[in-house]
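What follows is one structure encoded as C-alpha cells, with my remarks underneath.
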Amino acid sequence: MRLSRYFLPVSKESPADAQIISHKLMLRAGLIRQTAAGIYTWLPLGYRVLRKIEQIVREEQDRAGAIELLMPTMQSAELWRQSGRYDAYGPEMLRIKDRHDREMLFGPTAEEVITSVFRDSARSYRDLPRTLYNIQWKFRDEVRPRFGVMRGREFLMKDAYSFDMDETGARHSYNRMFVAYLNTFARMGLRAIPMQADTGPIGGDLSHEFIVLAPTGESDVFYHSNWEKPAALTDVDFDDVDGLRSIVGGYTADYAATDEKRDEAREAEAGDALRQSRGVEVGHIFYFGTKYSSAMGMKVQASDGSEVIPHMGSYGIGVSRLVGAIIEASHDDAGIIWPESVAPYKVGLINMRADHEGCAAACDDLYRKLEAAGVEVLYDDRDERGGAKFATMDVIGLPWQIVVGPKGLERDVVELKNRATGEKIELSASDALAKMAQRATA
RNA sequence: CGGGGCGUGGCGCAGCCUGGUAGCGCAUUAGACUGGGGGUCUAAGGGUCGCAGGUUCGAAUCCUGUCGCCCCGACCA
C-alpha cells in the first residue's frame, strides 16, 4: 500500500478524552475513531490488526477441535425467556422493539441461541461432544464505557460453547479451551495468566480468567514469579484426555489469583516469589453443567437408551479488547510496537527523498518486489521530510522499517530498522528484500 | 446508578468571572527555500462558539431546559 493513497490519519496530539496509553496511541496512529460512547469505527490500519487477531483466534480454535459458525447480533426476547435470563440480565442488555412491537435485543452473549440451535438438531450421544464457536459483535450497555476498545459497549468477541454427555467429558472440553487460549495469546506475544475466577451470573463451579499483566489493567492480580517467564506455545494432542489434564494441572500449579480469589496459604507458600500487578482480562472460560441445557429443555439419547441432559461450558475471548491489551503490553514513547504476528503491515518502506529521481526509482522497485514476494508493506512515498516519516512509522509501530535515501544508495545500501529493539543495519536492497520475504513466509 | 467536569475551525486550547469586531498552537492549501528523526519564510482557506428557549439595544459570555462526551465510585469479554 502506498501511503499517498491510503487513509491513515495520524496525529501528534491525542484527543483529551483518551486517558490510557493504548487508547491515545490507537487514536494517534489512526486505528480507530469514536462514533458514540463505547462504540468505534475501525479505520483501515486498525481493522487490519483486528482481523489478524481474529484469524489467530480462529486458527487456534480450529486446532483445538472447535467448529466455527455465525450467530446473529439480533436475538429475540422469547429465547431469553426460555432460559429465564431475560429479566435476570438487567439494564446491560440493549433491548429493542421491532415494527411489530416484538421484543428484540442486541446479543450480549449467545448461550441461548447456541443451545436452542444445537438442541433442535442433536438427538443422540453420537452428536456429542461438540464445541461450536463464532466471532461476532456483541453489545453490552455498560454504565461507563472507557479506555477505548478495552471497555467498549460494542465489541468483537469469540464465544465458544461446548456440549458433552457428562461432567468428565465437559472437563476435557474445558481443558481443550484452556490450552487453546494459552496458545492463542502466546502467538500474539502476550503472557496471559489463567486465574481462578468467579463465575458470576453465568453460573457454574469451574472458571478461569486469562489476564494480561499491564499497569493500566482494571483488576488487581497476584501470582508466582514463575509466570514471568515468556509465553511458550504448547504442542499438544487435543484428543489426549490425560495429557491435556496434566498440562492444565501443570499450568495451574503455579499460584495466580485475582483480588477476589486470593489464597493466603498459597501466597505464604510462594513467599518471595509472590508478585502483585494489575491486569487486563482478555479471556474467560466457564464450565456450568446443565444450567442452560436443562432450562431450555435440551436432551439427547445415550447409548443405553436413556435421556441425558448435556453438560455445557462457554469460552470467551475479547478480540477487539486484545488490540488495546497488546498495545498496553507493547509500546514505547514513540508509539506502538506490534508483535509481527498481529502487525497491520510487516514493513514500512521509507523513501527519504520523494523528489529524488534515483531514490524514488529504487523505492518503487523495492516496493514492487516486496509485494510480489508476499510481504505486507506500507510504502511512505509522500513528499515529506524524513523526520516526519520516521515519526509516522514509529507511532504506527510496524515491526520493520526499510529506509531508502540518496546517501545510502551511493554505496548501494538501504537501512533496515527493527522497531522493537531500535537496531539498525545496512544491507543491499536485495538482501533486505530476501530477509523480509523470508519472514513473511516463516 | 450516585458524585464531579467539559462542549469554541480537523486536533489541543484561550476568551466567559466583568455582555460590544471570535483568537492562539498544531494540522490543511499555494509558492519559495530546504532535505537522514515531526524544517524555515511568505500568503491563504476554514468556526451561525453542542442544540433550543429566555434576558438585553446587543449573548461564546448571563438565565432555563435539553442533548452529547469525559472523569471518580459500584459493575463488566
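Only this structure's heavy atoms are used, side chains among them; waters, hydrogens and symmetry mates stay out. We name chains A, B, ... by the order of the sequence lines, and we start the count at 1 in each one. From a predicted model like this one, the values you see are computed outputs, not experimental measurements.
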ask   = Between atom OH in A/Y89 and atom P in B/C75, what is the gap in whole Å?
value = 15 Å
task = Tell me which nucleotide among B/C76, B/G37, B/C71 gets nearest to the side chain of A/D394.
result = B/G37
note = A correct 5'-to-3' footprint of nucleotides 3-16 of chain B, with B, S and - meaning base, sugar-phosphate only and no protein heavy atom under 4.0 Å, is --------BSS---
task = Using atom CD of A/E111 as one end and atom P of B/A77 as the other, report the distance to the nearest whole Å.
result = 11 Å
message = Taking any heavy-atom pair under 4.0 Å as a contact, classify A/Q34: base, sugar-phosphate, or nothing.
response = sugar-phosphate
ask   = Can A/D381 and A/Y367 be counted as having a side-chain donor-acceptor contact under 3.5 angstrom?
value = no
inquiry  = Per the salt bridge (Lys or Arg N to Asp or Glu O under 4.0 Å) rule, what does the pair list look like for residues 19-41 of chain A, sequence neighbours excluded?
reply    = none
ask   = For the pair made of CZ in A/R153 and P in B/A77, what is the distance, rounded to whole Å?
value = 17 Å
task = Hey, could you give me each pair passing ring pair (Phe, Tyr, Trp, His ring centres under 6.0 Å) that has a residue in residues 50-88 of chain A? Not counting sequence neighbours.
result = A/W80-A/Y89
request  = Looking at every strand, decide which applies to A/G422 at a 4.0 Å heavy-atom threshold: base, sugar-phosphate, or nothing.
outcome  = nothing
ask   = Of the nucleotides B/A77, B/G36, B/C75, which has the atom closest to the A/R146 side chain?
value = B/C75
query = So what does A/V282 touch, heavy atoms closer than 4.0 Å: a base, only the sugar-phosphate, or nothing?
reply = sugar-phosphate
Assigned partner base of B/G45, Watson-Crick or wobble definition, under 3.5 Å = none
message = I need the residues from residues 378-387 of chain A with at least one non-hydrogen atom less than 4.0 Å from RNA chain B; give them sorted by number, or say none.
response = A/D383, A/E384, A/R385, A/G387
query = OP1 or OP2 of B/C71 sitting under 4.0 Å from any side-chain N/O of A/R144?
reply = yes
Nearest to side-chain heavy atoms of A/P406, which nucleotide of B/C76, B/C70, B/G36 = B/G36
request  = Could you state the atom-to-atom distance from CD of A/E92 to C1' of B/C1 in whole Å?
outcome  = 13 Å
query = Base, sugar-phosphate, or nothing: which does A/P91 touch, judged by heavy atoms less than 4.0 Å apart?
reply = nothing
query = Considering Watson-Crick and G-U wobble pairs with both distances under 3.5 Å, what does B/A14 pair with?
reply = none
key: Close aromatic pair by centroid cut-off 6.0 Å: A/F178 and A/Y315   = no
ask   = Does a donor on one side chain sit under 3.5 Å from an acceptor on the other, for A/T258 and A/S219?
value = no
Base-pairing assignment for B/A22 (Watson-Crick or G-U wobble, both under 3.5 Å) = none
ask   = Checking salt bridge (charged side-chain N to carboxylate O under 4.0 Å, His left out) for the pair A/R187/A/E60: CA distance, chi angles, key distance, verdict?
value = CA-CA 9 Å; A/R187 280 186 62 185; A/E60 294 306 319; 2.8 Å; yes
ask   = Mind checking who B/C76 pairs with, Watson-Crick or G-U wobble, both distances under 3.5 Å?
value = none
task = Indicate, with a heavy-atom threshold strictly under 4.0 Å, whether A/R28 touches base, sugar-phosphate, or nothing.
result = base
task = Could you walk me through whether A/K369 and A/D364 pass the salt bridge (charged side-chain N to carboxylate O under 4.0 Å, His left out) test, one step at a time?
result = CA-CA 9 Å; A/K369 286 174 176 164; A/D364 287 353; over 6 Å; no
inquiry  = Expressed as a whole number of angstroms, how long is the span from A/L409:CG to B/G36:C1'?
reply    = 12 Å
ask   = Does any donor-acceptor pair link the side chain of A/K417 with the base of B/G37 at a separation under 3.5 Å?
value = yes
query = Near RNA chain B, under 4.0 Å by heavy atom, which residues of residues 343-356 of chain A?
reply = A/M352, A/R353, A/D355
inquiry  = So that I know where these two stand, are A/H284 and A/F286 an aromatic pair - ring centroids less than 6.0 Å apart?
reply    = yes
Gap between atoms CG and P, on A/D259 and B/C76 respectively (whole Å) = 13 Å
query = Under the salt bridge (charged side-chain N to carboxylate O under 4.0 Å, His left out) criterion, do A/K158 and A/E54 qualify, and how do the steps go?
reply = CA-CA 8 Å; A/K158 185 285 298 180; A/E54 179 182 337; over 6 Å; no
task = Please list all pairs passing the salt bridge (Lys or Arg N to Asp or Glu O under 4.0 Å) test where one or both residues lie in residues 328-347 of chain A, with sequence neighbours left out.
result = A/D332-A/R419, A/E340-A/K346, A/E340-A/R439
inquiry  = Over 60° means perpendicular and under 30° means parallel, so tell me whether A/Y40 and A/H23 are parallel, tilted or perpendicular.
reply    = perpendicular
ask   = Which whole-number value in Å describes the distance from A/Y40 OH to B/C69 P?
value = 10 Å
query = Rounded to the Å, how far apart are A/R151 CZ and B/C70 P?
reply = 13 Å
Pair assignment for B/U66, Watson-Crick or G-U wobble, requiring both distances under 3.5 Å = B/G50
inquiry  = Which nucleotide wins on minimum distance to the side chain of A/A36, given the candidates B/C1, B/C69, B/A77?
reply    = B/C69
inquiry  = Heavy atoms from C-beta onward define the side chain here; which of B/C75, B/G36, B/G38 lies closest to that of A/F390?
reply    = B/G36
